[in-house]
2 protein chains.
Amino acid sequence: MQSKDTDDNRSFVSNARRAQIVEAAIETVADVGYANASLARIAVRLGISKGVISYHFSGKDDLIAEIVRQVLQRARAYMQPRIEAQTTGPEILRAYIESNLEFMRDNPNQLSAVVEIVRATIAGAKSPFTGNRDGAVHILAELLARFQAAGDFRADFDPNAMAIAIRAVIDAAPGRLADPAFDIDRYAREAVTVFHRGTCVTGA
Amino acid sequence: MQSKDTDDNRSFVSNARRAQIVEAAIETVADVGYANASLARIAVRLGISKGVISYHFSGKDDLIAEIVRQVLQRARAYMQPRIEAQTTGPEILRAYIESNLEFMRDNPNQLSAVVEIVRATIAGAKSPFTGNRDGAVHILAELLARFQAAGDFRADFDPNAMAIAIRAVIDAAPGRLADPAFDIDRYAREAVTVFHRGTCVTGA
DNA sequence: GTGTCTTTTGACTGCATGGCCAAAAATTAG
DNA sequence: CTAATTTTTGGCCATGCAGTCAAAAGACAC
């Protein structure tokens with residue numbers, strides 16, 4: 001094993017095992033919370049010995065990083081085309097919010113796990129995922145700023161503050177998915193409306 | 001000691017010690033994150049033995065609950081008069097958002113700690129603070145619904161979804177306070193504007 | 001079937017945690 | 001000053017954690 005592992009460096013079986021472990025880890029985190037998601041618990045969920053995890057991953061950090069990497073890749077793959085299909089600022093913003101929340105609705109565990117991992121590791125200490133969070137905000141802020149300059153949005157809001165608010169509203173959803181009274185589609189509609197009204201020159 | 005402790009049940013010195021420990025615990029949580037805020041760390045910050053904490057509190061849960069209780073009480077004391085001074089729906093909503101964020105700005109550690117405690121303990125397992133979070137959302141939702149019925153707000157948004165979004169935007173602030181580039185006053189202004197535009201019939 | 005390589009097991013380490021407690025120290029009362 | 005009480009100390013548990021490892025089990029080529 002080299003330090004820079006590629007998928008092709010590993011056998012089919014090995015890759016399947018890794019995928020299996022990643023999946024179990026996602027479920028475990030979404031289920032019992034990041035703080036309680038120990039290697040032992042993940043192993044029990046799979047019915048294997050926890051040594052197997054150590055064999056296939058260099059450590060817990062490696063496993064967690066792999067979760068974040070995989071989920072964000074899938075989320076990006078789902079969202080990106082939907083966002084890029086739009087042309088105007090308001091349309092893009094709507095597609096951004098909607099595709100984010102749709103992905104959460106259809107893959108509830110995955111983003112729940114990632115949001116929790118990022119939050120838990122960022123709190124207090126420096127984390128390998130700080131750049132991840134700030135990166136998402138920054139990309140959104142740039143987007144807002146671009147279309148603000150183009151006149152698609154009102155000129156007098158701070159793109160950075162707005163981006164933080166938008167992401168806050170989106171990232172609050174996973175933690176509510178467990179509540180049966182929470183209607184994420186309804187929530188998405190409200191979020192779209194609020195930020196449309198909040199960013200555009202004219203009302204709805 | 002009885003199980004239902006009142007302040008008056010304890011000596012002055014004892015209450016002072018408790019307050020001191022609570023304060024140190026708040027700072028520790030805000031500093032190193034809830035996950036790393038062990039009794040040992042809190043004790044070191046105070047320069048005392050960790051047994052002292054066990055002596056003054058029935059356990060870690062007790063200490064944490066006391067933090068939440070005290071901070072929320074202070075926050076309520078700050079916010080409530082400011083909110084009740086308003087009469088119309090939009091004014092109340094503005095006062096709600098502004099007073100929340102002002103309290104965070106002036107007491108950065110306190111609400112950082114509480115938000116993190118509530119988030120960390122709610123994730124995955126059932127927590128003594130679940131009702132706390134849902135209660136805050138519920139109160140806000142009722143408020144929105146009341147003034148929606150009165151015609152102060154547009155009639156076609158879901159008060160519950162809106163309340164969740166508003167709290168999400170507010171609760172995202174503490175985690176950003178450490179970032180020197182984050183201007184919480186600016187953030188408050190944008191939040192007020194967004195939700196004013198999002199809830200009212202006419203634009204800004 | 002034999003030998004090689006991969007994978008899994010289960011026991012083990014070292015560490016940090018929350019909680020506990022007897023003895024020491026400090027405080028207060030008489 | 002002495003005795004009773006409150007408070008603090010520092011060491012001690014049991015538990016759960018991530019990570020390690022030798023040995024067993026399995027897969028597979030020949």
Side-chain angles (χ1 to χ4, degrees), chain A residues 1-3 5 7-22 24-25 28-29 31-67 116-117 120-121 123-125 127-128, chain B residues 1-3 5 7-22 24-25 28-29 31-67 116-117 120-121 123-125 127-128:
Chain A
M1 294 252 185
Q2 309 166 325
S3 62
D5 284 338
D7 285 2
D8 315 278
N9 267 356
R10 289 183 278 262
S11 74
F12 283 112
V13 208
S14 176
N15 273 324
R17 212 25 158 183
R18 279 174 64 95
Q20 208 180 16
I21 293 169
V22 165
T28 306
V29 170
D31 197 28
V32 301
Y34 179 70
N36 302 323
S38 64
L39 294 186
R41 267 192 131 109
I42 296 166
V44 165
R45 179 175 289 254
L46 274 172
I48 60 175
S49 159
K50 77 178 173 154
V52 182
I53 301 178
S54 293
Y55 178 75
H56 288 282
F57 294 88
S58 75
K60 196 183 185 184
D61 294 349
D62 187 26
L63 171 57
I64 297 300
E66 184 69 12
I67 293 177
E116 218 185 301
I117 288 169
T121 59
S127 144
Chain B
M1 294 254 183
Q2 308 166 328
S3 63
D5 283 339
D7 285 1
D8 315 280
N9 267 356
R10 288 182 278 262
S11 73
F12 284 113
V13 207
S14 176
N15 273 323
R17 209 29 155 184
R18 278 175 65 96
Q20 207 179 16
I21 293 170
V22 166
T28 307
V29 170
D31 197 28
V32 302
Y34 179 71
N36 300 323
S38 64
L39 294 185
R41 268 190 129 113
I42 296 166
V44 165
R45 179 175 291 253
L46 274 172
I48 59 175
S49 158
K50 78 178 171 151
V52 182
I53 301 177
S54 294
Y55 178 74
H56 288 281
F57 295 88
S58 75
K60 197 185 186 184
D61 295 348
D62 187 26
L63 171 57
I64 297 301
E66 184 69 13
I67 293 176
E116 217 185 301
I117 288 169
T121 60
S127 144

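Below, chains carry the letters A, B, ... as their sequence lines are ordered, and counting in each starts from 1.
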cation_pi(B/Lys50, B/Phe57) dist<6.0 Å, angle<=45: no

Without decimals, in angstroms, what is the distance between B/Ile42 CD1 and C/dG18 P? 8 Å

Might you point out which heavy atoms bring A/Ala37 and A/Ile42 nearest each other, and give the distance in Å? O-CD1, 4.3 Å

Rounding to a whole Å, what distance do you find between A/Leu39:CG and D/dA18:C1'? 6 Å

List the atom of A/Asp62, the atom of A/Arg18, and the distance in Å for their closest heavy-atom pair. OD2-NH1, 4.4 Å

How close or far is atom P of C/dT8 from atom CD of A/Gln20, stated in whole angstroms? 9 Å

Please state how far atom CD1 in A/Ile21 lies from atom C1' in C/dT7, giving the value in whole angstrom units. 11 Å

May I ask you to evaluate whether B/Tyr55 reaches the phosphate of D/dT7, defined as a side-chain N or O under 4.0 Å from OP1 or OP2? yes

Taking only side-chain nitrogens and oxygens of B/Arg17, does any of them come within less than 4.0 Å of OP1 or OP2 of D/dT8? yes

With a 4.5 Å heavy-atom cut-off, do B/Leu46 and B/Val52 have their side chains touching? no

Distance col, row A/Thr121:OG1 vs A/Glu116:CD, nearest 0.5 angstrom, shows 10.5 Å

Under 4.0 Å: is that the gap between some side-chain N or O of B/His56 and OP1 or OP2 of D/dT8? yes

Once you round it to whole Å, what is the distance between P of C/dT6 and CZ of A/Arg18? 16 Å

What is the distance from CZ of B/Arg41 to C1' of C/dG19, rounded to the nearest Å? 19 Å

Can you tell me how far C1' of D/dG19 sits from CG of A/Leu63, to the nearest Å? 14 Å

Using 0.5 Å steps for rounding, measure from the CZ atom of B/Arg17 to the CD1 atom of B/Ile53. 9.5 Å

Nearest to the side chain of B/Ser38 - C/dT17, D/dT8, C/dT8? C/dT17

Positions of residues 44-54 of chain B (non-hydrogen atom under 4.0 Å from DNA chain C), listed by number: B/Lys50

In dot-bracket form, 5' to 3', how is DNA chain C paired? Count Watson-Crick and G-U wobble pairs only if both distances fall under 3.5 Å, and write | where the partner sits on another strand. ||||||||||||||||||||||||||||||

Measure CD1/B/Ile64 against P/C/dT17 and give the value in whole Å, please. 14 Å

Heavy-atom closest contact (A/Ala43 atom, A/Ser49 atom, distance): CB-C, 4.0 Å

So that I can tick it off, tell me whether B/Asp31 and B/Arg45 are bridged by a salt bridge, with the cut-off set at under 4.0 angstrom between side-chain N and carboxylate O. yes

Is the closest side-chain heavy-atom distance between B/Glu66 and B/Ile21 below 4.5 Å? no

